[in-house]
Q: 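Before anything else, here's the structure in question.
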Amino acid sequence: MADTNRSLIEEFYASFNASRTDIASRLEVIGTAVSKSTEILDQLAVDVSKLRKELADATSFLPSYDQRQYELQVKSFEHSLEQLRVSAAPKPKFAFKRKAATPATNQTVSDAKKPGPATADLPSTASTIASNARALSNHTGQYLTSSSLPVSSSTAGSELTISDIDHCIVDLVSNQGEGSNAITAVHVKNVKRSVLLLPSMSGSAILHDVENTVLAIGCHQFRMHTSSHVDVYLSIPSNPIIEHCTHIRFTRYPTHLATSDSTAEASSTHLSVQDFSHIRATPSPNWKPLPEEAAIAEKTWPRALLRGDDDVESVLKRLLPPI
Amino acid sequence: MGLFTIIRKNRQKEREMRLLFLGLDNAGKTTILKRLNDEDITGISPTLGFNIKTFAHGRYTLNIWDIGGQQTLRPYWRNYFEQTDAIIWVVDAGDRLRMQDCKRELHGLLSEDRLAGASLLVFANKQDIANSMTGAEISKALDLLNIRSHDWKIQPCSAVTGESILDGIDWTVHNVANRLYGTVV
């Protein structure tokens, strides 16, 4: 077995080296070229991802040191390719307008009036292990705010589960409770034709089965699975992840909703999306930046909505992404 | 000299252990690893591929493999099974919606021949978040009590605060050391 492995390792070494020399020289050529043809870049991308796949397939027999070296090499190719891509098509820069942070509303926190955990009226989904989870679930055609949430009994930040929501506007930004009710992480499942307006949180957001929805959120990590037709307004310091998703559009979190920490907002990497269903250097067909003109203008955000005669349905009709 | 003796001798010389960090995405595998290594945990992106960290723990050298947990990557987990001494299964204790998935993936792993005998540590991570599930709740949800094939332990912890991470690693190293070398750390 040792012998077969050795010959496999040698064979891999030879073929990897050949590809490496080839790719490196092509990268150099295009690096010095004045105009970078996207066609050549695409071809390179295909070859680099082929190399990555070969490496992945070889992990079963390669010694770990070798694996690491190969991995580094492939990474460096991907990196230079990415840089070439950026220089070939400079991204349009956008600038943030610093607005004086509006004080987080002067209304007294309405959810403070509920004494103790108010979980009794929450129907729990069969699949959910209920216990003392904070959850917002099973709502249709409603306007939901922080006061619809059960109050967290603890002073620490807590995790929130949002599930089985249809035709709703969920606004957890206006009227935000101070401290005791802060949300640190969110789990979202099965949300259709809705607007979810969530605050910035220190933890992560993970979403499944979201359809035809507008979502605004600030979080540390963002993962979205099996979703389609979602406009995501995002502030994030790491790479957002999508997996098994289609028709997702990303843009920045509305500046006037950002409560604090505007520096974090400014360095947001909401367009560094990684599509795990499309692990290669070519651009993913499953997401794109939300064009400025299609984005919801700051003042039409639901925060100011429903004060007049607007009903949930007509607001949704106006805001939801086209299918 | 039997093969097992050779392996044992060889291992004794190296005193190396190979630990595999696995779990669903968003569990906090990379964050725990970085916390162990005293690295900055603020800018961690979800893992595409894997991370390897090697560091000394007592008399042992730990080779830790942290493999991405996104669904697309899970079929690749098996590429890393060979010679694994312990599986560190990381759970997001706030992720009630996916406990079923978590249980299925874990029990799938435990039935793998190549992981037979490996110690199993379950980190119930994110205890810093107020309403996370407790160790007992997670043991029940993941049906840990019915595991007979592996030595296991559940350790509630927080990668963000660093709480109890070392305790979990200590248990793992002890357990593996006992099995491989017949000695305690």
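The sequence lines fix the lettering, A, B, ..., with proteins before strands; numbering per chain opens at 1.
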Q: Does E39(B), at its CD atom, have more than 12 non-hydrogen atoms belonging to other residues, nucleotides or ligands within less than 6.0 Å?
A: yes
Q: Taking the side chain as C-beta and beyond, is there a heavy-atom pair between R98(B) and H208(A) under 4.5 Å?
A: yes
Q: Give me the atom names and distance for the closest heavy-atom approach of S238(A) to S45(B).
A: CB-OG, 3.3 Å
Q: Over all heavy atoms of both residues, which pair between N79(B) and A56(A) is shortest? Give the atoms and the distance, please.
A: ND2-O, 3.4 Å
Q: Hey, does the side chain of E243(A) reach the backbone of Q71(B) with a donor-acceptor pair shorter than 3.5 angstrom?
A: yes
Q: If you count the non-hydrogen atoms of other residues, nucleotides and ligands that lie under 6.0 Å from CG in N146(B), is the total more than 12?
A: yes
Q: For the atom pair OG1 (T72(B)) and NE2 (H244(A)), what is the distance rounded to the nearest 0.5 Å?
A: 4.5 Å
Q: What part of T54(B) gets within 4.5 angstrom of chain A, counting heavy atoms only: side chain, backbone, both, or neither?
A: side chain
Q: What's the spacing between T184(A) OG1 and D128(B) CG if we round to 0.5 Å?
A: 7.0 Å
Q: Which residues in residues 150-167 of chain B have a heavy atom less than 4.5 Å from any heavy atom of chain A?
A: none
Q: Roughly how far, to the nearest 0.5 Å, is the CD1 atom of I183(A) from the CD1 atom of I129(B)?
A: 11.5 Å
Q: Taking atom CG of N131(B) and atom CG of L160(A), what is their separation to the nearest 0.5 Å?
A: 8.5 Å
Q: Identify, with sequence neighbours excluded, every residue that meets side chain to side chain contact (heavy atoms under 4.5 Å, CB included) alongside I279(A).
A: L48(B), L73(B)
Q: Measuring heavy-atom distances to chain A, does R78(B) have an atom under 4.5 Å in its side chain, in its backbone, in both, or in neither?
A: neither
Q: To the nearest 0.5 Å, how far apart are CZ in F50(B) and CD in Q67(A)?
A: 5.0 Å
Q: Considering only heavy atoms, which portion of D92(B) lies under 4.5 Å from any heavy atom of chain A: side chain, backbone, both, or neither?
A: side chain
Q: Please report the shortest heavy-atom distance between Q274(A) and P46(B), naming the atom on each side.
A: OE1-O, 4.1 Å
Q: Measuring only between side-chain heavy atoms, which start at C-beta, is R96(B) closer than 4.5 Å to T161(A)?
A: no
Q: More than 12 non-hydrogen atoms from neighbouring residues, nucleotides or ligands closer than 6.0 Å to OH on Y76(B), yes or no?
A: no
Q: Taking N26(B)'s backbone N and O only, do any of them form a donor-acceptor pair with Q221(A)'s side chain (distance below 3.5 Å, no angle check)?
A: no
Q: Specify the closest pair of heavy atoms between H187(A) and G94(B), including all atoms of both residues, with the distance to one decimal.
A: NE2-O, 3.4 Å
Q: Using heavy-atom distances under 4.5 Å, tell me whether L24(B) contacts chain A through its side chain, its backbone, both, or neither.
A: neither
